[in-house]
Each structure stands twice: as structure tokens, then as C-alpha cells.
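A short worksheet on the structure shown next.
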There are 2 protein chains.
Amino acid sequence: MGSRRDVARAAGVSVRTVSNVVNGYAHVAEATRARVLQAIADLDYRPSELARSLKRGRSGLIGLVLPELDTPYFAELTRAFVEEGASRGLTVVIDQTDGDLERERYLIDRTEYGSLFDALVISPLALTPAHLDAISDDRPLVFLGENPFPRFDHVMIDNRLASRQAVRHLFESGRRRIAAIGTKGTDHGSSSQRLAGYHDALRDAGLGESESIVEHVDRFRRADGAAAMARLLDRPDPPDAVFCFSDPLALGALRTLATRGVRVPHDVAVVGFDDIEDGAFSTPSLTTISPDKRFIARTALGLVERKLSGTAESAALVIAPHALILRESSAPSRP
Amino acid sequence: MGSRRDVARAAGVSVRTVSNVVNGYAHVAEATRARVLQAIADLDYRPSELARSLKRGRSGLIGLVLPELDTPYFAELTRAFVEEGASRGLTVVIDQTDGDLERERYLIDRTEYGSLFDALVISPLALTPAHLDAISDDRPLVFLGENPFPRFDHVMIDNRLASRQAVRHLFESGRRRIAAIGTKGTDHGSSSQRLAGYHDALRDAGLGESESIVEHVDRFRRADGAAAMARLLDRPDPPDAVFCFSDPLALGALRTLATRGVRVPHDVAVVGFDDIEDGAFSTPSLTTISPDKRFIARTALGLVERKLSGTAESAALVIAPHALILRESSAPSRP
DNA sequence: ACTCTATATTGCATCGAGGCAAACGCCGCG
DNA sequence: CGCGGCGTTTGCCTCGATGCAATATAGAGT
């Protein structure tokens, strides 16, 4: 590939004129423009985005750091970010941590120590605010998810409220033995908030702590949901409704219920969380909490731009909207 | 954040000395080093990776362009690339196209016209070689997947052979009515090769074209596999084995079989393709073709480095190894 | 002919870092 | 006292592109 200088020499003009042609500057003679374009084509020249970025002081690259990509929720969120970024002239590139603390720290440190990215949007799993003590809050970092990171911009949904609404819905549709599938012991994040919402709703309904039925899982996948549901059905007092902390868990539960010949929603109602595409097409289709992924992406990128433009006064905490999507899996059993 | 110049001023040294300290150059007096480090800390200075990359002529960023991220196979492949890249000092960033032609072209064009990425590894869905006529084969592009792109480096597995082995295995374990689930009308890629392998195996087994049973699907997801399996079971002459063109399809088929009370592998054997994690833990566990994802990632990045170093003489075509992983879903029915 | 303006083109400086080699200070040695 | 050598520090240039302002050229107006 030829350089800018080669092009200038070949076209018999100065380097500056090449620049003018490339950038479509107004006052360039037609003949000159043609000669330069010809030279560009001959030498297979293309401007270095690296150099441009250096001059501009921005690369236009935003890193999106997620725990895992094969979780449908994150995959769909990724899509929202990429599309939303494109419409703002930002390129969103994705990195995955597997919830590994070291990797989360590494990626943040890299931004800290001057990477090619203008900013990072990160959904941490293992990271806690204490790990960020040494990190200046001038850094363009935007956090997603439920763990609070006080000094930084943050976009989350109200997990506790959403869970409460989901469980209230089950109660209002006539269920009385409502189980939850989903806490993990180590998780200090969304699980505990969703659990809190579950307990809120039981309390609202006048049910005591003793009537809570919580089934733990290690991961939030179909297989875990299926196994947890089987354990619930094997209890002497099986539930008539299940609130699952993720859609894949709920889809797994549906599978077990189908296998065991338990009718959904007639015998057991199921509600999930995340509103992934599969849930809309399952049999029965899945009632779920739908976080507004578009809103999350738009807001997070807006915060990034605000930070980069220097207009930010203090860290923002944005609660993104969510909706309870009613589908077949939770239709009332007793009209 | 302070600049290199500010640091120099604060420490009372030249900019060059700051550079020497940062890069750990040998002959820097201890006192000077300390003063510079102090200034760096005070001013929260960190070197610009952008400027470094410009000087070096490399950014260390490799783009990995995939059709979709929520397909487990691609998610696992991504992991292999990210890890393999890290071990070579390359940062692999991911972009997704949804199999959209325009997006695939756009991403390649961006590299063509000087992006921040050193190279692109791309698994195209819609793109055909004709779209690349205008693209110089000097570009550091490495292709993945089954569609041939003659002038460029390429890593693929032998889909046809792998399929043939999978179907032969079904035949050898006593099956005689072997169906395939998976072609899509529009796909010019892996589907047609897997279909060819399926027919190869039938021919090997002395079964005629008339005995092939092919069930089409629109996408390669669980739900599609479940629906296709249901159609197969509803035929007057249901199969005793199914070769699915992807693991999610196979997992969907397993679900339908379970729901209908068909025993696997006793009544129907199932084989998938891709070796995704879920398949190893399903009930029954899934026999599948396992492409060597590590190998693919390692080789593709190797080709990238070869291209970037300029040692490449001509385009390479690498066939990555695969293995037939035998699990419960295809144990012999007639010993 | 001479200014004035509009169009075309260019040189220089700059972004932030690093390669290169010169130049500095200081020591010991002849 | 002068010189070679070592450790230390620095200036200058380059990477590739662009902002700024100056300059060159042509044509129009009086």
C-alpha cells in the first residue's frame, strides 16, 4: 500500500492537496482532483484511521465488556449496542470476561492505561467497587447491571421492583404456592435483588417468610432450570407457580413440566426474566420481565458521550424501564 | 489527564526522558526515574495507545466478524479466538453481521479503507467471492466457514467428510431409515456440503437417493429442530435415526422425541454437529461432530500474523480437524 | 496597469510516542 | 592537565493526517 507521500508525488501535488481531495475540501480543481484520485487508485492508498484518530483525539471505538456472549440476553443486548452505536458513528466492539475477576480488572486497567478505546461499557460480575478504589472517576466507564458502583455512571433496571411485579402477577392470577428458581450463593448482584423482590411480593400478599420456596442453581441455563424444576416437583408440597430469575431457567423448567405431564399454565404457572427471543416462541409462550434493551444501550452510549465531551458534572444513575410481558405460561388458573 | 509534556515539565526533565522511564530504558538515574514516576502519578498520565500504535504501525486489534453471537458454536469459537489472541498479544474484538450482506461488505470495506484493525477474520454468510472482486488480496483477511474465497486465506473443516462419517456411524450402529434435518434453501454454504456428505454416506451404505429423507428448516435453532422432528414423526414412515446439521437442531429434536415418548437411542438415534457445551450435558447426551475450535482460532491468527509480517507467498487453505464424539444419543439399537 | 477577490495550492505546526545519535557531566588514568 | 569511556539526558526526526494561515494564480473591476 502506498503512503500519502507517494500519492502526492505520483499526482505531482503536495501532501496537503491529497488530504484536501480525500476530505472533499471545496476548492480543488477538477483536474487536480482527478489526478489525485487516479494516484490513490494506482497505489492502493487508504488513509490511516490510526493517524486520524490520533489527530482527532478519539478513535470512535467503544468497548462493551460482558460476562458471556452465549447468554441470549447479552447477545440481544449486544445487538442493541452495536446498532445504537452505529447510528452515532461509534463502533462498539465486544469483549467477554466469563465473569472472571482478573479479566474484568485487566480490561479496565487497559483503558486506565490508555487503550485504543474511547470508553468502556462494562457489565461486571465479579468486580466490586473496592476494586476500583485506585481508578479515577474521570475515566469514561459506564456500568451495567445491578451491583452499585457509586462514583461511576450506571444504567440498570429496578430488579427488585420488576421481580415483585412478576410475583404479584402470579399471586393475582390465583397462585398461592409460588416458588423461585435462581439464586446462586456467590452472586451479590441481580440474584439477591430478584430474591428480595420475590420476598416483597410474598409479603405484599400476606404470605410469610415460611411460605417462600427457593431453589438454588449454579448457572442460569436451561439445564439448571430443568433440574431445579424437577426438584421442586419432587417435593411433598410442589408449587403451583414458579418465578425464574432468567428466561433460559424458565425454558428449562417448562421442559421438565412438559416431560412430567404437568400442564402449564393450568397446574403450574411460569414467569421468566429477560424477554429473550426464544421465550416468545416456546410452547407455551413465556410470560417474562422485559428490560428495555434499546433504552439501556441508548442511555449508556449517551452517558459515554456526555463523559467524553466533558459536560458531565457528576456520576449518573439511570433506571431503565422494564415491562411485564404477559404470555401463555402464566394465564390465570382459576378465573 | 496530563500529557507527556506536562509530566516532563513537572519532573523537570525532557519529554524524551519521560519516554525512557515509561519504557524502562536502562540508563536512567534512580532519582530521575523517581521524580518522573511521581509526576506521572500526580498528573494521572498514561501513554496514548493510539500514538504508540501509529508509531509501531500496528494496533494489535484483530476483528472477528461473525454472523451471530448467540449461536453457541460461535460463542465458543469466540472464546477460543479471544484466548488464543491474548496469548499472542493480540486483542480480538467481535462484530456481528446477522448474516447481512451489506454489513459484511461494510466491515470489509472499512478494513479496506484503513480502519483501526490490523486484520479481519470473517465468517461470511451472505458474501460471495464476486463481492470481493475489487478487494486486493494484499488485505489481511482470513475467512472461516465453507464458502470458498479463492484469493484469500481460509480455515474450514471438511463438512462433507464429517457429515459422511456421522451418517456412516448411524448406519453402522444398525439404522436404516436415516433422515437429515437442516438444509435451508438460500444457504450456499455449510448446509449444502453437509447434505452432500449425508448423500455420500447413504450411497456408501448402498441406499439410493430415494431413501433420503431431508427436512428443511429456516434457522438452526432448537425450536426449528423440534418442529422438524415432529414433522418427521408424523410421516407414515418415520426414521430410526436423524442427522442434524447443528447441535441446537439436534437438542430440539431430542425434546420432541422426549415429549412424544420416543426412546433415544433405542427407537431413534440422533447425531448433531458443532459439539456445543449443552450437548454434552443433555439427556441423553448428544453424539456430535466436533470441529477443533482451538485449532481454527490458532490457525486463523497464525495466518493473520503471517500476512502481516509479509512472509505470505500465496493464499492458504487450511482444513481443520474434526472428530466424531460418540455419546448416548446414538448408541446402537441392535447389538 | 493596479487593486481586489475568488479559487487553488501549499508549508508549517501539531497530535503522542519512539528511534537514533549527539551531547552532557563526571570519573579515573596516563 | 587532557583524554577516553561510561552513564545519563536530550534534540531532532518520523509515523500519517489535519488545522491554520499564508501564498500563488487567475479573472474581474475601475
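Below, chains carry the letters A, B, ... as their sequence lines are ordered, and counting in each starts from 1.
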Exercise for the section: Using a cut-off of strictly less than 4.0 Å, decide whether B/S19 has a side-chain nitrogen or oxygen near OP1 or OP2 of C/dA17. Expected result: no

Completion exercise
From the candidates D/dG16, D/dT8, C/dG18, the one with an atom nearest any side-chain atom of A/L54 is D/dG16

Fill in the blank from the handout: Closest non-hydrogen atoms of A/A297 and A/F81, given as atom of the first, atom of the second and distance, are CA-CZ, 3.6 Å

Handout entry: Between P of D/dG16 and CG of B/L116, the distance in whole Å
Key = 15 Å

Fill in the blank from the handout: Quick note, B/R4 side chain, CB onward, closest among D/dT9, C/dT9, C/dG16 is C/dG16

Problem - Whole-Å gap separating C1' (C/dG16) and OH (B/Y45) - result: 7 Å

Between the protein and nucleotides 20-26 of chain D, which nitrogen or oxygen pairs come in under 3.5 angstrom?
from   : atom 1 : to    : atom 2 : distance (Å)
D/dC20 : N4     : A/R16 : NH1    : 2.6

Completion exercise
Here the gap from B/R103 atom CZ to B/L127 atom CG, rounded to the nearest 0.5 Å, amounts to 13.5 Å

Exercise for the section: Would you indicate which nucleotide in C/dT10, D/dT9, D/dA17 comes nearest to any side-chain atom of A/R52? Expected result: D/dA17

Exercise for the section: Let me have DNA chain C in dot-bracket notation, would you? Count Watson-Crick plus G-U wobble pairs, both distances under 3.5 Å, and use [ ] for pairs crossing earlier ones and | for inter-strand partners. Expected result: ||||||||||||||||||||||||||||||

Practice task
Send over the distance from B/R33 CZ to D/dT9 C1', rounded to a whole Å.
Solution key: 13 Å

Problem - N/O (side chain, B/S48) to phosphate O (OP1/OP2, C/dG16) under 4.0 Å - result: no

Practice task
Give, for atom CG of B/L50 and atom CZ of A/R52, the distance between the pair rounded to the nearest 0.5 Å.
Solution key: 13.5 Å

Problem - Carboxylate-amine/guanidinium contact A/R79 A/E84, below 4.0 Å - result: no

Exercise for the section: To the nearest Å, give me how far apart CZ (B/R56) and C1' (C/dG18) are. Expected result: 11 Å

Practice task
Output yes when at least one side-chain N/O atom of A/T32 is less than 4.0 Å from OP1 or OP2 of C/dT9, else no.
Solution key: yes

Practice task
State whether B/N23 places a side-chain N or O below 4.0 Å from either non-bridging phosphate oxygen (OP1 or OP2) of C/dG18.
Solution key: yes

Practice task
Scan A/R5 against the nucleic acid and name what it touches under 4.0 Å (heavy atoms): base, sugar-phosphate only, or nothing.
Solution key: sugar-phosphate

Exercise for the section: Report the residue (A/A51 or B/G12) whose heavy-atom-nearest nucleotide on DNA chain D is the more 5′ of the two. Expected result: B/G12

Exercise for the section: Find the distance A/L43:CG to D/dG16:P and express it as a whole number of Å. Expected result: 14 Å

Practice task
For the pair A/H131 (side chain) and A/L101 (backbone), establish whether a donor and an acceptor sit closer than 3.5 Å, ignoring hydrogens and angles.
Solution key: no

Practice task
Would you give the length of the straight line joining atom OG1 of A/T97 to atom CD1 of A/I122, rounded to the nearest 0.5 angstrom?
Solution key: 7.0 Å

Exercise for the section: Identify whether any heavy atom of A/V22 sits under 4.0 Å from a base atom; if not, whether one sits that close to sugar-phosphate; answer base, sugar-phosphate or nothing. Expected result: nothing

Fill in the blank from the handout: In this structure, CG of B/L90 is separated from CG of B/D118 (nearest 0.5 Å) by 7.5 Å

Exercise for the section: Go through A/E49 and A/R56 one step at a time and tell me if the salt bridge (Lys or Arg N to Asp or Glu O under 4.0 Å) criterion holds. Expected result: CA-CA 10 Å; A/E49 202 53 54; A/R56 196 182 327 128; 3.3 Å; yes

Practice task
Would you mind telling me which residue lines up with the more 5' stretch of DNA chain D, B/K55 or A/K55, judged by nearest nucleotide?
Solution key: B/K55

Exercise for the section: Kindly compute the distance separating OG (A/S314) from CG (A/D153), expressed to the nearest 0.5 Å. Expected result: 8.5 Å

Practice task
Indicate, with a heavy-atom threshold strictly under 4.0 Å, whether B/V15 touches base, sugar-phosphate, or nothing.
Solution key: nothing

Handout entry: Spatial distance of atom CZ (A/F149) from atom CG (A/L144) [nearest 0.5 Å]
Key = 10.5 Å

